[in-house]
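In what follows, chains carry the letters A, B, and so on, assigned in the order in which the sequence lines appear, proteins first and then strands, with residues in each chain numbered from 1. The model shown is predicted, which means the values in this text are computed figures rather than measured ones.
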Protein chains: 2
Amino acid sequence: MKKSSLYKGCLEPILLRLLKDHGRMYGYQMTQMVKDITKGELNITEGALYPLLHKLEEQGIVETETEMIGNRMRKYYSLTKAGKKQTSIAMEEMKAFMQSLEYIVNPKIALG
Amino acid sequence: MKKSSLYKGCLEPILLRLLKDHGRMYGYQMTQMVKDITKGELNITEGALYPLLHKLEEQGIVETETEMIGNRMRKYYSLTKAGKKQTSIAMEEMKAFMQSLEYIVNPKIALG
DNA sequence: GTATATACATAAGAAAATTATGTATATTTT
DNA sequence: AAAATATACATAATTTTCTTATGTATATAC
């Protein structure tokens with residue numbers, strides 16, 4: 001995803017969050033939206049993205065519809081019912097994770 | 001470090017931050033302090049901790065002093081001059097990372 | 001005296017990314 | 001009109017980073 005390896009482990013919840021907020025999305029669109037939202041900070045690589053999306057599909061977290069736009073393929077992903085439940089859990093974990101990081105990186109403010 | 005793989009990639013900056021804030025520390029102490037600060041959220045495993053500390057020492061980021069407390073060894077770590085510089089960089093990266101996560105997980109607030 | 005806590009260390013394996021490569025169409029730049 | 005960039009998917013090889021398991025040894029609590 002990026003040189004600075006901080007993002008390792010966060011890709012799945014990030015994608016779930018995107019799908020939760022924006023409904024149906026295709027892979028390339030996800031990479032562009034994340035790049036935009038984070039002002040270029042976070043660049044998802046294809047080698048990380050597509051295998052993960054395929055895994056989520058296998059697990060029944062997302063479902064897909066393939067469309068032809070002009071002559072080009074697009075594979076749209078959306079959360080299943082199970083996926084929505086899973087996303088709620090993932091968001092709670094993210095919240096706790098981010099709070100923990102805050103405690104460490106900004107102890108004075110965090111404890112106040 | 002934990003089941004929920006979110007923390008992957010964050011261990012090194014966390015340790016650097018601890019050493020920056022508390023000066024001289026030993027490994028076990030780091031694990032306990034992180035556990036305390038994060039209210040049990042973040043449990044650093046020995047298999048992650050010690051190899052990383054050794055790597056940081058090899059890289060000249062930290063230096064060590066071994067002491068005997070009673071009959072038991074303690075290996076104290078502290079930041080070198082290069083380590084302090086490296087820590088500043090790592091903290092800037094952490095800040096950007098956390099901001100990016102905020103943008104994604106909490107888009108409305110983050111954009112305000 | 002048994003369990004838990006303190007304190008280090010390393011090896012095997014798994015998880016999650018990066019980098020490289022491949023295919024193909026569409027658009028922009030020169 | 002050719003070349004470069006952008007769009008859009010995919011997979012394989014490798015690297016990074018962690019978990020799990022194992023090992024040694026002392027100290028403290030029950």
Novice: Over how many whole Å does the gap from Met33(B) atom CE to dA7(C) atom P extend?
Specialist: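 Taking CE of Met33(B) and P of dA7(C), I get 13 Å after rounding.
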Novice: Would you mind reading off the distance between Asn71(A) atom CG and dT7(D) atom P, rounded to a whole angstrom?
Specialist: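 One finds 18 Å between P of dT7(D) and CG of Asn71(A), rounded.
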Novice: Distance check needed: dA16(C) C1' versus Leu53(A) CG, whole Å only.
Specialist: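 Roughly 14 Å, once rounded to whole Å.
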Novice: Suppose the criterion is salt bridge (charged side-chain N to carboxylate O under 4.0 Å, His left out): which pairs have a residue in residues 9-22 of chain A, not counting sequence neighbours?
Specialist: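 Matches after skipping sequence neighbours: Glu12(A)-Lys55(A), Arg17(A)-Asp21(A).
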Novice: Would you state whether a donor and an acceptor, one from the side chain of Lys8(B) and one from the base of dT16(D), lie under 3.5 Å apart?
Specialist: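 No such pair is found, so the answer is no.
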Novice: Would you say a side-chain N or O of His54(A) is under 4.0 Å from OP1 or OP2 of dT11(D)?
Specialist: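 Checking His54(A) against dT11(D): at least one side-chain N or O falls below 4.0 Å of OP1 or OP2.
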Novice: By the 4.0 Å heavy-atom rule, please label Glu46(A) as base, sugar-phosphate, or nothing.
Specialist: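 Base: the residue Glu46(A), judged by heavy atoms under 4.0 Å, touches a nucleobase.
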Novice: As a test of reading the structure: which of dC18(D), dT11(D), dA9(C) is closest to the side chain of Pro51(A), going by heavy atoms?
Specialist: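 That would be dT11(D).
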Novice: Does Tyr26(B) place a side-chain N or O at less than 4.0 Å from the phosphate oxygens OP1/OP2 of dC8(C)?
Specialist: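 So the side-chain polar atoms of Tyr26(B) never come under 4.0 Å of the phosphate oxygens OP1 or OP2 of dC8(C).
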Novice: Consider the side chain of Met73(A), meaning its heavy atoms from C-beta on, and name the nucleotide among dC18(D), dA9(C), dC9(D) that approaches it most closely.
Specialist: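 Looking only at side-chain atoms, Met73(A) lies closest to dC9(D).
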Novice: If you define the side chain from C-beta out and look only at heavy atoms, does anything of Leu15(B) sit under 4.5 Å from Leu49(B)?
Specialist: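 Result yes, sub-4.5 Å side-chain heavy-atom pair found.
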Novice: Of Cys10(A) and Arg72(A), whose nearest nucleotide on DNA chain C comes first from the 5' end?
Specialist: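 Residue closer to the 5' terminus by nearest nucleotide: Cys10(A).
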Novice: Taking the nucleotide of DNA chain D with the nearest heavy atom to each, does Tyr28(A) or Gly47(A) sit closer to the 5' end?
Specialist: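 First, find each residue's nearest nucleotide; the 5'-ward one identifies Tyr28(A).
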Novice: Please find out if less than 6.0 Å separates the ring center of Tyr26(B) from that of Tyr77(B).
Specialist: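 So the answer is no for these two rings.
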Novice: Picking from dT11(D), dA9(C), dA17(C), which would you name as closest to the side chain of Tyr50(A)?
Specialist: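 Nearest to the side chain of Tyr50(A) among the choices is dT11(D).
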Novice: Expressed as a whole number of angstroms, how long is the span from Lys55(B):NZ to dC18(D):C1'?
Specialist: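 Taking atom C1' of dC18(D) as the reference, NZ of Lys55(B) is at 12 Å.
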Novice: Does dC18(D) have OP1 or OP2 sitting under 4.0 Å from an N or O in the side chain of Thr45(B)?
Specialist: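 The answer is no; no side-chain N or O of Thr45(B) sits under 4.0 Å from OP1 or OP2.
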Novice: In whole angstrom, what separates Met68(B)'s CE from dT6(C)'s P?
Specialist: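 In whole Å, dT6(C) P lies 18 Å from Met68(B) CE.
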Novice: Report which part of the nucleic acid Gly70(A) touches: base, sugar-phosphate, or nothing (heavy-atom distance under 4.0 Å, all strands).
Specialist: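 Since no nucleic acid heavy atom lies under 4.0 Å of Gly70(A), the category is nothing.
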Novice: What's the closest nucleotide to the side chain of Lys75(A) if the choices are dT7(D), dT10(C), dA10(D)?
Specialist: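 Ranking dT7(D), dT10(C), dA10(D) by closest atom to the Lys75(A) side chain puts dA10(D) first.
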Novice: Rounded to the Å, how far apart are Gln32(B) CD and dC8(C) P?
Specialist: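 These atoms are roughly 11 Å apart.
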Novice: I'd like to know if the side chain of Tyr76(B) pairs up with that of Glu63(B) as donor and acceptor (distance under 3.5 Å, no hydrogens or angles considered).
Specialist: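 No pair is found: no donor N or O on one side chain lies under 3.5 Å from an acceptor on the other.
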Novice: As a test of reading the structure: which of dT17(D), dC9(D), dA9(C) is closest to the side chain of Tyr77(B), going by heavy atoms?
Specialist: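 Within the option list, the nearest is dA9(C).
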Novice: Please classify the nucleic acid contact of Ile69(A) as base, sugar-phosphate, or nothing, using heavy-atom distances under 4.0 Å.
Specialist: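 Since no nucleic acid heavy atom lies under 4.0 Å of Ile69(A), the category is nothing.
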Novice: Under a 4.0 Å threshold between the charged nitrogen and the carboxylate oxygen, would Arg24(A) count as salt-bridged to Glu65(A)?
Specialist: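 Counted as a salt bridge, because a side-chain N and a carboxylate O are separated by less than 4.0 Å.
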Novice: Given atom CD of Glu57(B) and atom C1' of dA9(C), what is their separation to the nearest angstrom?
Specialist: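 So the two atoms are 13 Å apart, to the nearest Å.
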Novice: Whole angstrom is fine here: how far is it from CZ in Arg74(B) over to P in dT24(D)?
Specialist: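 About 24 Å, once rounded to whole Å.
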Novice: Given dA15(C), is OP1 or OP2 found less than 4.0 Å from the side-chain N or O atoms of Ser5(B)?
Specialist: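 No.
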Novice: Does any non-hydrogen side-chain atom of Thr87(B) lie less than 4.5 Å from one of Leu19(B)?
Specialist: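 Answer no - side chains too far apart.
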